[in-house]
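What follows is one structure encoded as structure tokens, with my remarks underneath.
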Protein chains: 2
Amino acid sequence: MARKKVELKYIANDSKRRATQKKRKSGLIKKADEISTLCGVDACAIIYTSDDPQPEVWPSPSGVNRVISRFKEMPELEQSKKMMSQESFLRQRIQKGQDQLKKLKNENRKKEMNNLMFQSLGGYQSLDNATIIDLNDLAWIIDQNINEVNKQISKLQGQEGTSSNNNGVATINGEQAQVDNIINGGVFPFVDNIINGEQAQVDNIINGGVFPFVDAANNFQNDYCPTPFNP
Amino acid sequence: MARKKVELKYIANDSKRRATQKKRKSGLIKKADEISTLCGVDACAIIYTSDDPQPEVWPSPSGVNRVISRFKEMPELEQSKKMMSQESFLRQRIQKGQDQLKKLKNENRKKEMNNLMFQSLGGYQSLDNATIIDLNDLAWIIDQNINEVNKQISKLQGQEGTSSNNNGVATINGEQAQVDNIINGGVFPFVDNIINGEQAQVDNIINGGVFPFVDAANNFQNDYCPTPFNP
DNA sequence: GACTCTATGTATAAGCA
DNA sequence: TTGCTTATACATAGAGT
């Protein structure tokens with residue numbers, strides 16, 4: 001059953017296309033009906049299916065005519081003013097995909113740096129091979145984490161008498177969960193726009209694909225300057 | 001989080017309606033775009049939202065004009081021929097709901113009779129108070145079950161040498177799972193159309209509600225005559 | 001092919017920032 | 001309000017009849 005994510009392109013297979021057409025046509029009309037009822041808007045839809053010279057229309061032929069008249073009344077110039085054309089629709093979609101990509105790359109980079117941090121702390125990985133870029137970002141994320149830990153400490157010092165074994169004392173391991181939490185939370189300004197060679201991923205996202213993990217390389221922005229490490 | 005099932009009626013709350021309108025408008029246009037791409041159909045949509053004199057159109061003003069011309073070319077008489085009007089759309093929806101209701105009532109009745117059967121077999125319930133209608137239906141379901149059990153027995157007798165402790169012998173308990181399976185499976189002709197007083201439930205279904213369990217009473221059709229019990 | 005079924009993808013109502 | 005997130009309702013692809 002609906003296992004594949006449908007690729008947004010013309011369905012070559014005839015019978016498959018017809019089946020899809022039928023389902024989606026009724027789905028579309030249902031949606032039109034719903035928005036009209038829920039929001040009380042005036043709307044119409046006309047759909048010419050390939051296997052019938054008669055179009056499917058909604059809400060009714062006369063209703064369509066009414067909406068059409070209203071549309072025709074408007075001067076041509078006005079028509080194209082604030083309207084969504086197929087092109088602007090696509091543009092909007094691309095922008096959305098790019099924004100999403102940016103966010104995801106950001107998150108990936110943060111996770112990567114946190115991973116590097118814990119690997120180093122545990123002695124599982126040396127930083128000898130790290131680039132200056134990585135070290136910079138690493139410093140930033142450590143700074144963030146330290147800040148968060150300090151914040152927690154102050155908070156816990158403020159509430160005396162809790163039964164926790166944590167009150168007032170920074171126990172790194174005890175804060176791990178909170179740090180992890182933070183890691184996946186706050187703002188992180190690593191990546192600010194799309195970099196060459198990532199376009200395929202953007203396209204992927206635009207069409208709704210699953211986001212692939214982004215390597216450390218190529219992810220850094222030149223205009224990013226993290227605060228110096230200062231505990 | 002979409003917790004409530006939206007009731008299909010005008011949203012009185014202003015800000016809520018605007019939010020919904022915005023989301024659904026873009027959803028609708030996306031759907032239009034998709035069906036057009038996937039199925040290569042010629043279509044257009046015009047939506048007048050309440051807060052903007054400019055309509056939202058798809059695929060573009062000129063595209064809309066093209067489709068409109070095609071629509072206008074058709075004689076008025078032809079227009080209303082095979083087209084979906086708001087009324088026929090609703091009718092279709094009601095019919096669908098009624099069909100679904102019928103099926104669900106059927107299933108409920110079957111489950112009920114099976115339940116009664118097992119209750120009686122276990123001595124948890126006497127049949128003294130059962131109506132002739134219930135007894136009739138009960139006989140039918142028992143017949144069905146016996147048939148299924150016999151079928152299974154034949155099948156198992158056919159495949160000698162399986163390691164199962166079941167081969168060739170009808171062990172009622174051992175067949176329970178299969179019977180249960182059957183219970184929820186085959187065709188069951190109890191209810192053939194909608195009976196007075198069930199209309200509210202139909203309405204419920206038409207709007208997508210969860211189906212309430214149907215009582216035994218009022219569910220039987222006069223034209224139903226089950227095969228006599230004959231093991 | 002035209003329908004039904006159901007697992008899965010998508011839309012979106014509420015919440016929250 | 002606008003936008004983003006998340007849980008839930010809804011649409012529908014693919015498979016079976």
Side-chain angles (χ1 to χ4, degrees), chain A residues 1-35 37-39 49-52 92-93 95-104 106-107 181 184-188 204-211, chain B residues 1-35 37-39 49-52 92-93 95-104 106-107 181 184-188 204-211:
Chain A
M1 298 93 187
R3 46 188 130 207
K4 270 194 305 185
K5 206 194 116 33
V6 217
E7 205 185 342
L8 193 57
K9 72 173 188 190
Y10 183 74
I11 299 168
N13 182 301
D14 245 50
S15 61
K16 208 178 267 188
R17 189 177 62 256
R18 278 218 199 102
T20 294
Q21 194 177 68
K22 194 171 183 183
K23 287 177 185 175
R24 279 175 174 265
K25 193 180 59 183
S26 76
L28 184 61
I29 286 184
K30 187 173 173 201
K31 288 288 185 193
D33 188 62
E34 286 177 358
I35 195 177
T37 303
L38 290 170
C39 310
T49 61
S50 50
D51 39 33
D52 193 342
Q92 188 178 305
R93 197 152 166 179
Q95 188 54 53
K96 210 166 164 183
Q98 288 184 332
D99 290 348
Q100 201 187 346
L101 173 60
K102 192 167 82 184
K103 191 160 67 180
L104 287 168
N106 221 316
E107 280 168 15
N181 217 342
N184 296 311
V187 177
F188 187 78
N204 206 354
I205 281 194
I206 290 163
N207 288 313
V210 175
F211 187 72
Chain B
M1 304 81 187
R3 46 186 132 212
K4 271 195 305 185
K5 206 196 115 34
V6 217
E7 205 184 343
L8 194 57
K9 72 174 188 191
Y10 183 74
I11 299 169
N13 181 303
D14 244 50
S15 62
K16 207 178 269 188
R17 189 177 61 256
R18 278 219 198 100
T20 294
Q21 194 176 69
K22 194 173 183 184
K23 287 178 186 174
R24 279 174 174 265
K25 192 179 60 181
S26 77
L28 184 60
I29 286 183
K30 187 173 173 203
K31 287 288 184 194
D33 188 61
E34 285 177 357
I35 195 178
T37 304
L38 290 169
C39 309
T49 61
S50 50
D51 40 33
D52 193 342
Q92 186 179 302
R93 196 153 168 179
Q95 187 55 52
K96 210 168 163 183
Q98 288 183 333
D99 291 348
Q100 201 186 347
L101 173 59
K102 193 166 83 183
K103 192 161 64 179
L104 287 168
N106 221 317
E107 281 169 15
N181 217 342
N184 295 313
V187 177
F188 186 79
N204 206 354
I205 281 193
I206 289 163
N207 287 313
V210 176
F211 187 72

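Sequence lines set the chain letters: A, B, ... in the order given, protein chains first and strands last, and positions in each chain run from 1.
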Q. Hey, does the side-chain of Lys23(A) have a donor or acceptor N/O within less than 3.5 Å of a partner on the base of dA13(D)?
A. yes
Q) Atom CG of Asn13(B) to atom P of dA13(C): distance rounded to whole Å? A) 13 Å
(Q) Nearest whole Å is fine: how far is dG14(D) P from Leu38(B) CG? (A) 10 Å
Q. Given atom NZ of Lys30(B) and atom C1' of dA11(D), what is their separation to the nearest angstrom?
A. 12 Å
(Q) So, OP1 or OP2 of dG1(C): does either fall under 4.0 Å of a side-chain N or O from Arg18(A)? (A) no
Q: May I have the distance from Ile29(B) (atom CD1) to dT12(C) (atom P), rounded to whole angstrom?
A: 12 Å
Q: With rounding to the nearest 0.5 Å, note down the distance linking NZ in Lys31(B) to NZ in Lys31(A).
A: 7.0 Å
(Q) From the set dA13(D), dA14(C), dA11(C), return the single nucleotide nearest to any side-chain atom of Lys31(A). (A) dA11(C)
Q. What is the distance, rounded to the nearest whole Å, between atom CG of Asp14(B) and atom P of dT2(D)?
A. 12 Å
Q.
So Asp14(B) and Arg17(B), do their side chains get closer than 4.5 Å, heavy atoms only?
A. yes
Q) Does Thr20(B) make a side-chain N or O approach to OP1 or OP2 of dA13(C) shorter than 4.0 Å? A) yes
Q) Any idea which of dA11(C), dG9(C), dA11(D) is nearest the Lys5(A) side chain? A) dG9(C)
Q) Atom CG of Leu8(A) and atom P of dT12(D): how far apart are they, to the nearest Å? A) 13 Å
**Q.** Closest approach of Leu8(A) to Glu34(B) (non-hydrogen atoms, all atoms of both residues)
**A.** CD1-CG, 3.6 Å
(Q) So, OP1 or OP2 of dA14(C): does either fall under 4.0 Å of a side-chain N or O from Lys4(B)? (A) yes
Q) Between dA13(D), dA13(C), dG1(C), which nucleotide gets closest to the side-chain atoms of Arg24(B)? A) dA13(C)
Q.
What is the separation between atom CD on Glu7(A) and atom C1' on dT12(D), rounded to the nearest whole Å?
A. 17 Å
Q.
If you assign each of Gly27(A) and Lys16(B) to its closest nucleotide in DNA chain D, which residue comes earlier from the 5' end?
A. Lys16(B)
Q: Please tell me which of the listed nucleotides, dC10(D), dT1(D), dA14(C), lies nearest to the side chain of Ser15(B)?
A: dT1(D)
Q: Decide yes or no for Cys39(B) and Thr20(A): does some side-chain heavy atom of the first lie under 4.5 Å from some side-chain heavy atom of the second?
A: yes
Q. Rounded to the nearest 0.5 Å, how far apart are CD1 of Ile11(B) and OG1 of Thr37(A)?
A. 10.0 Å
Q: Figure out the NZ/C1' separation between Lys22(A) and dG14(D), and round it to whole Å.
A: 17 Å
